[in-house]
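Here's the structure we're looking at; comments come further down.
Each residue takes its place number in the sequence, starting with 1. Numbering of ligands and ligand atoms starts at 1, following listing order.
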Amino acid sequence: MTVHIGAEQGQIAETVLMPGDPYRARWAAETFLEGAELVNEVRGMLGFTGTYKGNRVTIQGSGMGMPSISIYANELIRDYGAKTLIRIGSCGGMQPHVKVRDVVIAMTCTTVGTPSNTIFRELNYSPCADYGLLEAAVAAARGRDVGVHVGGIYSSDTFYDERPDLNKEMTRHGILGVEMEAAELYTLANRYGVRALGIMTVSDHLQTGEALPSDQREKTFGDMVEIALEAAFA
Ligand code: HPA
């Protein structure tokens, strides 16, 4: 057990998928894993371990924002020996060609700052995905009826943004979408020598104001979970 995860040693798999929403963790575990068992419910941040095509996987909620995912990723890596961590979440589209329902696979994450800023001080560290996972995710996404974009994203600290000029600059500099967790996950994975990737479904669009209706979220979220699972064990 750790401060925030109640699982016993051995109950967490080396491969962990991390949705922000703990209920999404339960839905994904029940839908895609065999023999899924609840391994964590501390603070309601549900985690499940089961198998996918015979491979052990944990699906653990991360909560929203970088401080929250930082807590879970630190404990998963340092205390439970997680070796592959894939964020599965949503993002806001920032380019006209990135449509609602599309999947964004993040090579890099731009930030104003992460919880790791105290280490980097004046450095502008560039959080970068694991290339092998990225390549496997792109290959897994290719045969599917879903738009796929690979490139830079923006990991923001705010959902209710008081600096619309920042979003404009991100769009002007080719950033595909905005979310709130991946940069710290990538930073930790690189620090501890494990693999990380962020795969996000575009749930809303900053320029058009379009948003994915809730009844369609499940199907699109399912594509992303399967891409993540296939990439993890490619
Ligand atoms: N901003 C930040 N995070 C998000 C958004 C957004 O517009 N959409 C989905 N996650």
Side-chain angles (χ1 to χ4, degrees), residues 17-25 27-28 45-46 59-73 85-117 127 129 137 141 146-188 196-225 227-228:
L17 268 50
M18 304 187 76
D21 178 352
Y23 292 128
R24 282 275 168 83
W27 175 80
M45 197 55 76
L46 306 178
I59 306 185
Q60 168 64 53
S62 71
M64 290 179 282
M66 288 185 270
S68 184
I69 199 169
S70 185
I71 288 171
Y72 293 101
L85 299 95
I86 304 181
R87 164 162 158 70
I88 45 171
S90 60
C91 73
M94 296 189 110
Q95 299 293 331
H97 68 283
V98 176
K99 309 283 188 208
V100 167
R101 288 183 198 80
D102 287 356
V103 166
V104 170
I105 304 176
M107 292 170 81
T108 60
C109 315
T110 297
T111 64
V112 171
T114 72
S116 297
N117 260 35
V146 61
V148 182
H149 308 273
V150 184
I153 63 161
Y154 171 34
S155 295
S156 172
D157 280 330
T158 49
F159 188 88
Y160 298 105
D161 218 325
E162 300 291 338
R163 287 279 309 271
D165 56 315
L166 276 187
N167 288 341
K168 281 204 184 103
E169 286 306 331
M170 293 295 103
T171 298
R172 195 162 79 94
H173 288 87
I175 292 295
L176 300 172
V178 54
E179 53 83 79
M180 301 182 69
E181 292 82 17
E184 174 69 357
L185 179 66
Y186 286 11
T187 302
L188 290 172
L197 184 65
I199 307 175
M200 273 71 59
T201 297
V202 181
S203 60
D204 53 273
H205 203 288
L206 271 67
Q207 284 138 359
T208 64
E210 195 192 345
L212 195 58
S214 51
D215 60 338
Q216 290 180 27
R217 282 183 186 221
E218 219 158 78
K219 146 96 183 76
T220 8
F221 193 79
D223 279 324
M224 175 179 63
V225 177
I227 292 168

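L176 has its side chain out of reach of Y154: every pair of non-hydrogen atoms, C-beta onward, lies at least 4.5 Å apart. Using a 4.5 Å heavy-atom cutoff, the side chains of I69 and M18 are in contact. For the pair M64/E181, a side-chain contact is recorded, criterion being any heavy-atom separation below 4.5 Å from C-beta on. No side-chain heavy atom of V103 sits less than 4.5 Å from a side-chain heavy atom of H149.
At a heavy-atom cutoff of 4.0 Å, ligand 1 is surrounded by S90, C91, G92, F159, V178, E179, M180, S203, D204, L206.
No donor-acceptor distance shorter than 3.5 angstrom exists from the side chain of S90 to the backbone of T201, with no hydrogens or angles considered.
Side-chain contact annotation: S155 with E179, donor-acceptor N/O pair under 3.5 Å present.
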